[in-house]
Amino acid sequence: MATFPKRTHTCGELRAAHVGKDVTLTGWVQTRRDLGGVIFVDLRDRFGKTQILFAPQVDQAAYEGAKDIRSEYVLSVTGRVAPRPEGTENPELPTGTVDVEVHSLVVLNKAETPPFAIEDDIDVNEDIRLRYRYLDLRRPVMQQNLATRHRGYQITRSYFDRNDFVEVETPILMKSTPEGARDYLVPSRIHHGKFYALPQSPQTYKQILMVSGFDRYFQIVKCFRDEDLRADRQPEFTQIDVEMSFVDEEDVMSTAEGLAADIFKGILGVDVPRPFERMSYREAMNRFGSDKPDTRFGMEIRDCSEVVAGSGFRVFQETVAKGGIVGAICVPGLADSTRNQMDNLTALAKSMGAGGLVYLKVHGDTIECSAEKFLKPEEVKAIAVWAGAVAGDLVLLISGPWNKALTILGGLRLEMAGRLNLIPRDAWNLLWVTDFPLLEYSEEEKRYVAVHHPFTAPHPDDLALLDSAPDKVRARAYDLVLNGNEIAGGSIRIHSTEMQSRMFRLLGIDDESAKLKFGFMLDAFKYGAPPHGGIAFGLDRIMMLLTGSRSIRDVIAFPKTSSAMSLMDDAPSGVDPRQLDELHIRIV
RNA sequence: GGGGUCGUAGCUCAGUUUGGUUAGAGCGCCUGCCUGUCACGCAGGAGGUCGAGGGUUCGAGUCCCUUCGGCCCCGCCA
């Protein structure tokens with residue numbers, strides 16, 4: 001049943017070659033320009049914009065009707081494609097050489113004036129955009145972002161399909177597990193007092209699929225973590241989840257590189273050089289102060305510990321004696337920073353956890369040092385030389401335990417590079433970070449916790465250290481880093497019941513609770529688990545980077561605010577008491 | 001949990017430092033004029049719970065307390 005004229009073309013389609021044709025367009029009114037005797041309207045759909053023209057000499061009724069249309073009205077218009085008069089073409093629009101002279105106007109729906117303009121460069125607060133997300137998503141830039149994301153899905157599915165992977169859906173309602181992030185819980189109506197959890201990742205399921213013989217699995221899957229949000233972190237996010245059997249690190253990394261290369265080629269047209277660069281966790285920390293180093297610029301960290309170990313400055317001396325590190329970065333051209341600027345930098349360092357900040361202002365032949373009371377001139381000079389400083393540079397020194405001091409220096413490095421505009425915009429630096437530690441000691445929990453997750457296999461060369469020095473054991477884990485952002489992470493897994501039980505014990509999970517929490521997995525492993533490993537990509541983050549977005553909210557159709565609210569539909573919200581009764585839940 | 005910052009017209013903001021006439025601007029919106037505009041132009045007009053609640057004061061957008069919300073960061077995120 002035709003209730004209105006259906007479109008014959010999209011709003012991005014018409015060209016000079018269509019001149020003379022009768023066409024029907026449907027879309028939204030971008031702008032209306034009433035010149036008195038003639039009315040121009042830009043009609044918009046997701047394919048583009050076309051200027052349509054209403055004039056009494058074309059059609060009196062359509063012209064009269066056009067006087068009442070307003071922004072965002074929904075139209076179906078039929079008319080003849082006409083060339084624009086010489087000199088009135090619009091080179092900004094692909095359709096800018098033609099008009100559609102409308103002889104039949106159907107207003108499919110009216111619209112209230114939107115709270116912000118439906119165009120790319122709007123200056124409007126994000127909460128307004130989120131409240132009216134349906135309008136925000138009409139903006140071309142948002143439509144392109146979601147289209148790019150769609151392209152990412154297609155490339156991913158095509159890539160894995162070509163490589164004999166099977167896409168399997170795993171449950172959204174699963175068992176809550178104690179390790180890792182906080183779970184989102186879902187109460188069971190049928191089983192009073194019991195809860196499902198939403199998956200932090202399909203980790204256990206995909207490993208069990210390996211036991212089942214699906215030796216190449218992938219899934220584009222929502223994951224849920226009830227932790228605080230960031231610009232690049234949402235409580236629900238999408239992973240490209242991958243697991244493979246009978247493989248080692250090289251197989252998984254090579255597979256992942258293939259996908260990354262396809263995505264870069266398919267979305268940006270960029271050929272990324274393979275294989276990707278690799279760097280050990282230790283090297284990444286030592287040089288960049290981060291386990292996800294941004295290698296697009298220099299300003300690398302220099303270890304000054306040996307230079308200052310014998311100095312009279314007790315803070316440095318004791319740090320080195322205790323096995324810590326005194327590290328430096330050399331910031332080009334900032335030797336003339338004011339006292340106030342240095343105070344601000346010191347405050348910044350302290351906010352990152354530093355005890356203090358020592359700095360050297362390297363002038364022509366003199367060096368001004370904030371700790372010159374404690375350091376001899378030749379020591380100051382030696383630091384400057386070791387840090388690679390030249391006249392005009394500012395050297396920042398941080399001392400402390402290895403991880404902490406380097407992390408702070410890494411933070412300062414990023415901050416200063418951002419301020420000095422040292423980060424190239426058009427570079428795509430992909431690299432693997434490998435040889436992560438398997439475990440780290442948690443002061444808070446007074447036990448070792450898994451750096452990656454408890455299913456990660458220890459490095460075979462380090463097995464002897466598992467009991468004697470657990471924090472020295474390397475993991476068979478790898479992270480993929482793009483321009484200083486972790487975009488994928490994975491590992492070779494433990495596939496023997498014995499090793500898995502041993503790992504649980506190391507993590508302070510006794511046999512009984514291991515059986516309670518992960519018994520199904522330990523049982524599965526008894527029945528012929530193949531060696532296996534995998535990786536998961538953060539799809540939202542990748543799309544954020546590939547579209548040049550500031551936040552993953554710009555590549556997610558309906559994101560949450562930083563307090564995990566959905567402003568459009570006002571979730572989370574209260575529920576009917578009867579719903580709680582059914583669940584035997586009481587609010588306290 | 002902590003730190004920073006913001007909240008005034010539909011939108012983006014000024015006004016808050018030092019309390020004082022009727023709270024302003026740009027864009028948008030409405031009306032009229034205008035036949036080649038495309039940020040159309042011109043003329044006129046409407047539009048305010050100053051986030052909310054309480055307090056101080058003769059008087060609060062402005063000062064105090066409480067609270068709600070946005071963004072960024074630390075912790076957290078196996």
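All chains are named by letter (A, B, ...) in the order of the sequence lines, taking the proteins before the strands, and each is independently numbered beginning at 1.
At whole-Å resolution of the value, CD in E101(A) and P in U37(B) are 16 Å apart. Taking atom CD1 of residue I128(A) and atom C1' of nucleotide G10(B), one finds them 9 Å apart after rounding to whole Å. In this structure, the CE atom of M352(A) is 17 Å from the P atom of G4(B), given to the nearest Å. Look at CG on D554(A): it is 13 Å from C1' on C71(B), rounded to the nearest Å.
Ring to ring, F54(A) and F40(A) are not that close: their centroids are 6.0 angstrom or more apart.
Remark: R282(A) qualifies as a cation-pi partner of W402(A) under the 6.0 Å distance and 45° angle criteria applied to the six-membered ring.
Q200(A) comes within 4.0 angstrom of no nucleic acid atom, judged by non-hydrogen atoms across all strands. Heavy atoms of A450(A) sit under 4.0 angstrom from primed sugar atoms or phosphate atoms, though from no base atom. Nucleic acid contact class of D228(A) (heavy atoms, under 4.0 Å, all strands): base. Counting any heavy atom pair closer than 4.0 Å across all strands shown, R32(A) reaches no nucleic acid atom. The residue T177(A) sits apart from the nucleic acid: no heavy atom pair falls under 4.0 Å. Residue contacts shown for E86(A) are absent, as no nucleic acid heavy atom lies under 4.0 Å away. Using a 4.0 Å heavy-atom criterion, one finds that E126(A) contacts the sugar-phosphate atoms exclusively.
Both distances falling under 3.5 Å, in either a Watson-Crick or a G-U wobble arrangement, occur for no nucleotide opposite A9(B). Both distances falling under 3.5 Å, in either a Watson-Crick or a G-U wobble arrangement, occur for no nucleotide opposite G61(B). Of the nucleotides present, none pairs with A23(B) by Watson-Crick or G-U wobble criteria with both distances under 3.5 Å. Pair assignment for U56(B): none, as no Watson-Crick or G-U wobble contacts are both less than 3.5 Å.
The only option from R33(A), R32(A), K49(A) that meets the salt bridge (charged side-chain N to carboxylate O under 4.0 Å, His left out) definition with D42(A) turns out to be R33(A).
The side chain of P115(A) lies closest to C11(B), out of C29(B), C11(B), G75(B). Residue D42(A) places its side chain closer to C38(B) than to any other of C77(B), G69(B), C38(B). When distances run from any side-chain atom of T88(A) to the nucleotides C71(B), C29(B), G36(B), the shortest one goes to G36(B). Here the nucleotide nearest the side chain of R84(A), chosen from C73(B), G36(B), G70(B), is G36(B).
Stacking between F116(A) and C11(B) is absent: the aromatic ring centre is not both under 5.5 angstrom from the base six-membered ring centre and within 30 degrees in plane angle.
Aromatic ring orientation, F504(A) versus F518(A): parallel (interplanar angle below 30°, classes split at 30° and 60°).
Inter-residue side-chain proximity for N90(A) and Q51(A) is flagged as unmet; no heavy-atom pair is nearer than 4.5 Å.
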